Protein chains: 2
Amino acid sequence: MDKQKEILNAALKLFVEFGFHGTPTSKIAKEAGVANGTLFHYYPTKEALILALYKDIKLQLTEYMYSRVNAGDSLEQAFRSIFLNTLDWAQDHKEEYYFVQQFNMSPFLSLIPKEEITRQAKPHLDMIQAGIKNKILKPLPNEFIYSLISSHIYGLSQYLSASDLSPQKQKKLISDSYDMIWDMIT
Amino acid sequence: MDKQKEILNAALKLFVEFGFHGTPTSKIAKEAGVANGTLFHYYPTKEALILALYKDIKLQLTEYMYSRVNAGDSLEQAFRSIFLNTLDWAQDHKEEYYFVQQFNMSPFLSLIPKEEITRQAKPHLDMIQAGIKNKILKPLPNEFIYSLISSHIYGLSQYLSASDLSPQKQKKLISDSYDMIWDMIT
DNA sequence: ACCTTTGTGGAGTGATTAGTCAATCTTGTT
DNA sequence: AACAAGATTGACTAATCACTCCACAAAGGT
């Protein structure tokens with residue numbers, strides 16, 4: 001087992017449960033089954049560990065998001081795939097999804113350079129812009145549409161986590177939700 | 001000036017900037033202009049201070065939410081007023097609004113009894129249920145609609161904070177956003 | 001076999017922090 | 001004025017925490 005990965009796994013689990021400052025590095029090391037010093041061998045500071053975890057998770061999410069989008073897909077198909085992929089991922093990686101939200105609401109967010117954040121959002125904003133140009137989407141500010149979709153996904157995923165629906169009911173609700181937001185922005 | 005209030009003000013400002021565990025009680029006391037011991041005279045623990053601040057802000061928000069809702073208002077009018085009030089409040093109390101989100105994403109949320117959370121949401125859920133019964137709203141789960149509206153407000157308010165629109169453009173966007181979510185759920 | 005590099009361990013440290021406490025000050029009441 | 005009750009202070013403490021350091025082990029190249 002890769003100790004570096006074990007440390008990230010342990011950190012994720014504990015951060016989600018106790019918060020960033022609520023979990024001492026010593027407990028992370030213990031949970032990961034490594035010595036205290038080993039943690040600091042891989043991550044020079046606790047802050048570096050938090051940032052590494054965030055970047056790692058963000059990378060996984062981004063990869064999965066686009067995983068079922070094909071080159072020939074229409075804009076509408078691509079939108080739908082990304083929406084559904086994101087929701088699938090959020091449901092299958094609740095801790096990770098929660099961690100990202102938690103991170104975004106923390107002072108650590110300011111440690112991520114602004115350019116990296118815009119770079120992350122760029123593909124989505126470009127798609128939205130293309131949608132507006134093609135008169136598929138309403139002529140609203142890109143960032144506004146992006147913000148609405150993001151929070152729509154967040155709201156839905158929160159509801160899915162809170163309620164306890166059967167898989168097929170979940171699927172139906174996710175599909176309906178997509179139609180709702182799609183109608184909203186087109 | 002009321003020292004108790006000064007402590008809450010200082011705590012809010014610092015929590016938003018540095019996070020809960022990132023701000024020592026000593027700094028809160030200093031920022032508030034009171035001695036260390038005074039803080040613990042009013043709040044036995046740091047945790048108690050955080051909870052008191054949350055409850056205080058939540059109370060303000062709830063009051064303002066319903067402030068321009070009149071007894072004779074139709075369901076549609078009431079919905080609209082609450083939506084607009086919430087957004088006004090969020091824009092006029094950005095730190096407070098951010099704090100609430102931050103709190104909701106923190107382990108401290110679990111210290112609020114579940115019954116109090118449901119009690120907070122009850123008036124809204126009741127309104128939604130009435131709307132469904134009257135066939136004004138789509139027949140979807142109450143909590144789902146509630147979740148969608150909440151996150152829609154969150155997304156909009158985040159966009160408004162990030163962008164720098166003129167007051168009248170803001171008003172227009174808020175009004176349009178309301179129409180969008182209203183269309184979505186009716 | 002020898003050496004270098006990298007990984008691992010865990011006791012130890014200096015700094016920080018939540019919370020205490022006893023003394024002093026303020027305020028209001030009789 | 002005398003008293004009581006609460007408010008305020010800030011030095012103090014016990015505990016905790018991020019991080020260091022140095023010894024040792026593995027791995028891998030020559």
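In what follows, chains are A, B, ... by sequence order, proteins preceding strands, each numbered from 1. Keep in mind that this is a model prediction, so the values were computed, not measured.
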* Can you establish whether the number of heavy atoms outside K171(A) located under 6.0 Å from its atom NZ is more than 12? => no
* Tell me, for nucleotides 8-23 of chain D in 5' to 3' order, what letter each nucleotide earns: B for a base near a protein heavy atom under 4.0 Å, S for only sugar-phosphate near one, - for neither? -> BBB------SBBB---
* Who passes salt bridge (charged side-chain N to carboxylate O under 4.0 Å, His left out) against D56(B), sequence neighbours left out? -> none
* When rounded to the nearest 0.5 angstrom, what is the spacing between CD in E31(B) and CG in L14(B)? -> 5.0 Å
* Asked: Any chance the rings of Y178(A) and H152(A) have centres within less than 6.0 Å?
  -> no
* Protein-nucleotide distance (Y43(B), atom OH; dA7(D), atom C1'), rounded to Å -> 14 Å
* Asked: Do the side chains of I136(B) and F79(B) get nearer than 4.5 Å, heavy atoms only?
  -> no
